[in-house]
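Remarks on the structure that follows.
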Amino acid sequence: MPEGHTIHRLAGELSLVFGGRTVDVSSPQGRFAAGAAVVSGSVLSGAQAYGKHLFIGFAGRRWVHVHLGLYGKFDVLDRPAPEGPVRGEVRMRLRVPGAHADLRGPTRCEVVGDAEVAAVAARLGPDPLRGDDPGPALQRIGRSRAPIGVLLMDQAVVAGVGNVYRAEALFRAGIDPARPGASVPEPVLRSIWADLVGLMEQGVRSGRIDTVRPEHEPEAMGRPPRVDDHGGEVYVYRRSGQPCLVCGTPVAAGRTAARNLFWCPNCQH
DNA sequence: GCCATATGGAAAG
DNA sequence: TTTCCCTATGGCA
């Protein structure tokens with residue numbers, strides 16, 4: 001479930017569990033064997049998140065740069081690594097007495113230096129989860145003819161927003177994803193930013209994406225709760241054809257830039 | 001078993 | 001705009 005909130009949450013968990021400790025790093029699958037050897041046995045200083053990029057810091061100014069991509073997973077477990085054969089394709093395993101973490105299916109997992117961390121941070125737009133100034137994002141969107149739905153997913157514009165937060169923030173703002181960025185009034189852009197900050201901070205705390213306002217929650221509407229793969233309750237994401245939680249109109253679906261897009265044609269303009 | 005699918009992004013055409 | 005990569009899972013023979 002890798003949108004920015006997942007990565008920031010992981011950074012916190014990794015820092016808490018492994019920070020200040022000497023960590024054994026391995027690659028049961030083998031594809032990260034060389035990198036693991038570089039950092040294994042050194043002290044893990046802490047982890048940092050920039051958008052969807054995770055940097056795990058080790059003594060000697062070395063970082064393991066991890067990007068989960070579409071289906072990567074990084075499980076941090078408060079118990080010793082199990083004995084015996086490793087289940088599945090574990091690219092990287094972190095291990096200390098009493099805890100371990102397994103990384104599977106990442107798009108990227110490599111040892112880098114400070115320069116690479118800085119380069120990644122520099123090419124990303126402001127991150128709602130880092131307390132960044134939204135100015136550059138607002139300006140870029142305000143000048144662009146590209147659809148607001150595309151701009152919000154562009155990591156160079158806003159870092160950390162993925163397909164779920166994109167769809168949900170636009171629904172909550174009542175904005176049609178196809179609208180050109182420049183056509184969205186600046187105050188609306190500001191409120192979308194503030195909304196993303198609140199939603200994503202909540203996501204970091206809960207480890208899931210919940211976007212439905214109290215007045216539209218299942219208990220309030222007399223319908224059964226619904227939990228999707230992302231773990232939470234949402235208005236439109238992956239609800240195509242089902243009635244909009246606010247107006248009952250069937251939720252629309254489309255594909256833009258090879259990604260699924262969902263919106264309510266009645267509530268969003 | 002096979003196929004489709006997924007919250008991403010980079011490279012190729 | 002399409003293709004490719006990385007992995008697990010659920011539906012369907």
Side-chain angles (χ1 to χ4, degrees), chain A residues 1-11 27-33 35-36 49-55 64-75 77 85-93 101-110 112 116 119-125 127-129 146-147 149-172 177 196 199-204 206-212 226-241 251 253-263:
Chain A
M1 307 118 180
E3 295 199 22
H5 70 301
T6 304
I7 310 308
H8 283 262
R9 182 179 169 88
L10 268 173
S27 180
Q29 175 202 55
R31 295 185 50 177
F32 182 59
Y50 293 87
K52 299 171 189 167
H53 295 261
L54 177 64
F55 294 95
V64 176
H65 179 195
V66 172
H67 196 296
L68 292 180
L70 191 52
Y71 40 69
K73 275 194 182 63
F74 204 168
D75 297 311
L77 302 157
V86 173
R87 271 226 296 275
E89 299 288 304
V90 176
R91 183 80 58 89
M92 174 174 71
R93 170 171 282 180
D102 283 348
L103 173 66
R104 298 161 202 269
T107 282
R108 170 171 251 131
C109 174
E110 60 188 2
V112 301
E116 172 70 6
V120 169
R123 68 166 191 257
L124 294 172
D127 180 345
L129 289 173
V150 170
L151 292 165
L152 284 183
M153 288 272 288
D154 183 342
Q155 301 299 296
V157 176
V158 182
V161 172
N163 209 0
V164 184
Y165 283 122
R166 177 253 304 253
E168 297 298 306
L170 288 174
F171 178 88
R172 286 164 57 99
L196 283 170
L199 289 174
M200 293 176 78
E201 284 180 348
Q202 184 196 321
V204 172
S206 67
R208 35 185 274 176
I209 300 180
D210 293 279
T211 61
V212 177
R226 165 187 169 280
V227 173
D228 202 299
D229 290 349
H230 51 81
E233 186 79 17
V234 295
Y235 282 109
V236 291
Y237 177 71
R238 288 224 319 201
R239 291 195 65 247
S240 48
V251 171
R255 222 169 156 74
T256 320
R259 305 305 301 279
N260 298 322
L261 176 58
F262 306 91
W263 75 99

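Side-chain atoms are counted along with the backbone in the values below, which use heavy atoms only and exclude waters and symmetry mates. Letters A, B, ... are given to chains in the order of the sequence lines, protein chains preceding strands, and every chain is numbered from 1.
We find that CG of A:Asp154 is positioned 9 Å from P of B:dG9, with the value rounded to whole Å. Summarising the geometry, the separation between CZ on A:Phe171 and P on B:dT7 is reported as 19 Å, rounded to the nearest angstrom. Atom NE2 in A:His67 sits about 18 Å away from atom P in C:dC5, given to the nearest Å. Look at CZ on A:Arg255: it is 7 Å from P on B:dA6, rounded to the nearest Å. The distance between atom CG of A:Asp75 and atom P of C:dA8, rounded to the nearest whole Å, is 11 Å. One can place CG of A:Asn163 at 13 Å from C1' of B:dG9, the figure rounded to the nearest angstrom. Between A:Leu70 atom CG and B:dT7 atom P there is a gap of 6 Å when expressed in whole angstrom units. Here B:dT7 presents its P atom at 22 Å from CZ of A:Phe74, a figure rounded to the nearest Å.
No contact: A:Arg108 has no heavy atom under 4.0 Å from any strand.
Listed nucleotides B:dT7, C:dT7, C:dT2 differ in distance to A:Arg104; the shortest reach to its side chain belongs to C:dT7. Closest to the side chain of A:Arg238, out of B:dT7, C:dT7, B:dA6, is B:dA6. Side-chain atoms of A:Gln155 lie closest to B:dG9 of the nucleotides B:dA6, C:dT7, B:dG9. Relative to the side chain of A:Lys52, the nucleotides B:dG9, C:dA8, B:dA6 differ in distance, and B:dG9 lies closest. Nearest nucleotide to the side chain of A:Val164, out of B:dG9, B:dA6, B:dT7: B:dT7.
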(message) Under the criterion side-chain contact (heavy atoms from CB on, under 4.5 Å), I'd like the reasoning laid out for A:Leu199 against A:Ile209: C-alpha separation, chi angles, the key distance, then a yes or no.
(response) CA-CA 8 Å; A:Leu199 289 174; A:Ile209 300 180; over 6 Å; no
(message) The test is side-chain contact (heavy atoms from CB on, under 4.5 Å); show your working for A:Arg166 and A:Asn163 and say whether it passes.
(response) CA-CA 5 Å; A:Arg166 177 253 304 253; A:Asn163 209 0; 2.7 Å; yes
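C:dC5 and B:dG13 have their P atoms separated by 13 Å, given to the nearest Å. Taking atom C1' on both nucleotides, C:dA8 is separated from B:dA10 by 22 Å, rounded to a whole Å. B:dT7 sits 22 Å from C:dT1 when the C1' atoms are compared, rounded to a whole Å.
Residues satisfying the salt bridge (Lys or Arg N to Asp or Glu O under 4.0 Å) test with A:Arg9, not counting sequence neighbours, are none.
Between A:Arg208 and A:Asp210 there is a salt bridge, since a side-chain N of the basic residue sits under 4.0 Å from a carboxylate O of the acidic one.
Residue A:Thr211 is tested with A:Glu168, A:Arg172, A:Glu233, A:Gln202 for a side chain to side chain donor-acceptor pair (under 3.5 Å); the sole match is A:Glu168.
Phosphate proximity of C:dA8 to A:Lys73: absent, as no side-chain N or O sits under 4.0 Å from OP1 or OP2. Here A:Asn260 reaches the OP1 or OP2 of B:dT7: one of its side-chain N or O atoms lies under 4.0 Å away. Side-chain N/O atoms of A:Arg166 include none lying less than 4.0 angstrom from OP1 or OP2 on B:dT7. Contact annotation: A:Arg123 side-chain N/O to B:dA10 OP1/OP2 distance is under 4.0 Å. Dashed line: the shortest gap from a side-chain N or O of A:Tyr165 to OP1 or OP2 of B:dT7 is not under 4.0 Å.
Atom NZ of A:Lys52 is separated from atom OG1 of A:Thr6 by 10.0 Å, given to the nearest 0.5 angstrom.
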